[in-house]
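We number each residue from 1, following the sequence as shown. First listed ligand is number 1; within each ligand, the first listed atom is number 1. Hydrogens, waters and symmetry mates play no part in the numbers below; they use all other heavy atoms, side chains included. As the structure is a prediction and not an experimental result, all values here were calculated from the model.
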Amino acid sequence: MNRNALIITCSPVGAEVMKTDNPAVPYTPAEIAAEAIAAVKAGASIVHLHAREDDGSPSQDPARFAEAIRLIRRDVDVIIQISTGGAVSATPDERLQPVRDLAPAPEMASLTLGTVNFGADVFWNPPDLIETFAREFLERGIKPELEIFESGMMTTAQRLAKKGLIASPLHFDFVLGVPGALSGTPENLMHLYAQLPAGSTWTVAGIGAAELKLGTLAIAMGGHVRVGFEDNVFYRKGELATSNAQLVSRIARIAAELDRPIATPDEARALLSMPQRSLT
Ligand code: KMH
Ligand code: ZN
């Protein structure tokens, strides 16, 4: 395994951006799968997956996840990471539905480590919810990606690890630039980086214009990078991205200049201390 390899995660759609923000934002399982497959072919080894109804409203319907996963896995190998964040309007049971219902269980899922203001809303993650989610992951052997929106969430990671609810080595995603949470500055990235438990892996998801800047910094720092329409729909100021693959390709080009080879899905599994090969 090449310890220097770069894991690119693509998040082709979240719960918030709409086709009115960028017409290329995918809604249906077929649209999401097509964006994901092109992103994998451009270098992504993890796909962070949300689902939508056909009208674009956020969905945690396991059948819609299953259909997107089926279409993706028919074409490419990739680590599927289910979102358990869903939308701010989703109940905890709705957020857990794909984790509970998908068979086989997904290899990875996101786990947000605290409540945080989220634009005009609140993204609700009290301690009992986090622990319930972590237990459900443990039971099914799902690797959590720890979503960090605020500094105190790093302390929660250590507390959960101590309680045996998440297994080391831990994998973090620093989500920087959500309005109301930690902003997307290099200083904030450094601050979180300084708190990483030994042996952890990490990626950064900069929101909006922070995506490219923080992604480039992460490549230089030995971290990993997430890009995609969930976080950013622009290629540059005033110019919409044409696809998720376009955003992945740019990160892959920057990585090549900085001598970070792109991790294959199996290399990503090894870097994240996950079992090789999965059926999901
Ligand atoms: N849509 C946000 C409220 C995750 O995927 O785990 C939460 C989110 C995080 O997107
Ligand atoms: Zn997400």
Side-chain angles (χ1 to χ4, degrees), residues 8-18 21 25-27 32 35-36 39 44 46-53 56-62 64-65 68-69 78-100 102 106-126 129-130 132-134 136-137 142-150 153 156-157 160 166 170-182 184 202-208 210-211 224-233 244 247:
I8 303 176
T9 299
C10 179
S11 181
V13 66
E16 291 84 21
V17 286
M18 302 298 287
D21 300 305
V25 168
Y27 290 166
I32 292 170
E35 279 294 304
I46 301 178
V47 170
H48 171 84
L49 211 59
H50 285 253
R52 297 287 185 99
E53 299 299 333
S57 52
S59 169
Q60 287 293 107
D61 179 357
R64 297 187 78 83
F65 279 94
I69 293 168
V78 65
I79 299 171
I80 300 287
Q81 180 192 101
I82 295 296
S83 168
T84 67
V88 288
S89 55
T91 66
D93 277 339
E94 286 167 346
R95 288 167 55 183
L96 272 178
Q97 241 182 315
V99 162
R100 287 177 171 154
L102 284 174
E107 286 178 273
M108 275 188 110
S110 59
L111 178 63
T112 295
L113 294 190
T115 297
V116 62
N117 285 347
F118 199 91
D121 298 303
V122 177
F123 182 28
W124 191 245
N125 296 286
L129 177 150
I130 299 170
T132 300
F133 280 30
E136 299 259 3
F137 287 25
I142 299 172
K143 169 101 178 177
E145 178 180 87
L146 307 171
E147 309 297 323
I148 305 297
F149 294 76
E150 283 289 0
M153 296 185 186
T156 298
L160 288 181
I166 50 177
L170 306 179
H171 177 62
F172 292 87
D173 177 25
F174 301 140
V175 187
L176 295 177
V178 170
L182 266 182
W202 63 279
T203 190
V204 68
I207 305 300
E211 180 176 87
H224 304 284
V225 181
R226 175 171 119 174
V227 293
F229 288 164
E230 174 169 3
D231 307 324
N232 167 44
V233 295
N244 282 279
L247 298 170

Peer 1: Distance from I32 atom CD1 to F65 atom CZ, nearest 0.5 Å?
Peer 2: 8.0 Å
Peer 1: Which value, rounded to the nearest 0.5 Å, describes the distance between I130 atom CD1 and L111 atom CG?
Peer 2: 7.0 Å
Peer 1: What does the list of residues with a heavy atom under 4.0 Å from ligand 1 look like, ordered by chain and number?
Peer 2: A15, E16, H48, H50, S83, G85, G86, V88, S110, F118, F123, E230
Peer 1: How large, to 10°, is the angle at the Zn ion (ligand 2) when you draw lines to NE2 on H48 and to OE1 on E230?
Peer 2: 80°
Peer 1: So, taking the atom named NZ in K143 and the one named CD1 in I166, what distance separates them when rounded to the nearest 0.5 Å?
Peer 2: 9.5 Å
Peer 1: Tell me which N, O or S atom from H50 is the closest to the Zn ion (ligand 2).
Peer 2: NE2
Peer 1: Using a 4.5 Å cut-off on heavy atoms from C-beta on, say whether the side chain of L102 contacts that of I82.
Peer 2: yes
Peer 1: Looking at CD of E230 and CG of N244, how far apart are the two atoms once the value is rounded to the nearest 0.5 Å?
Peer 2: 10.0 Å
Peer 1: Between CZ of F149 and CG of N125, what distance do you get to the nearest 0.5 Å?
Peer 2: 8.0 Å
Peer 1: Please report the interatomic distance NE2(H171) to CD1(I46), rounded to the nearest 0.5 Å.
Peer 2: 5.0 Å
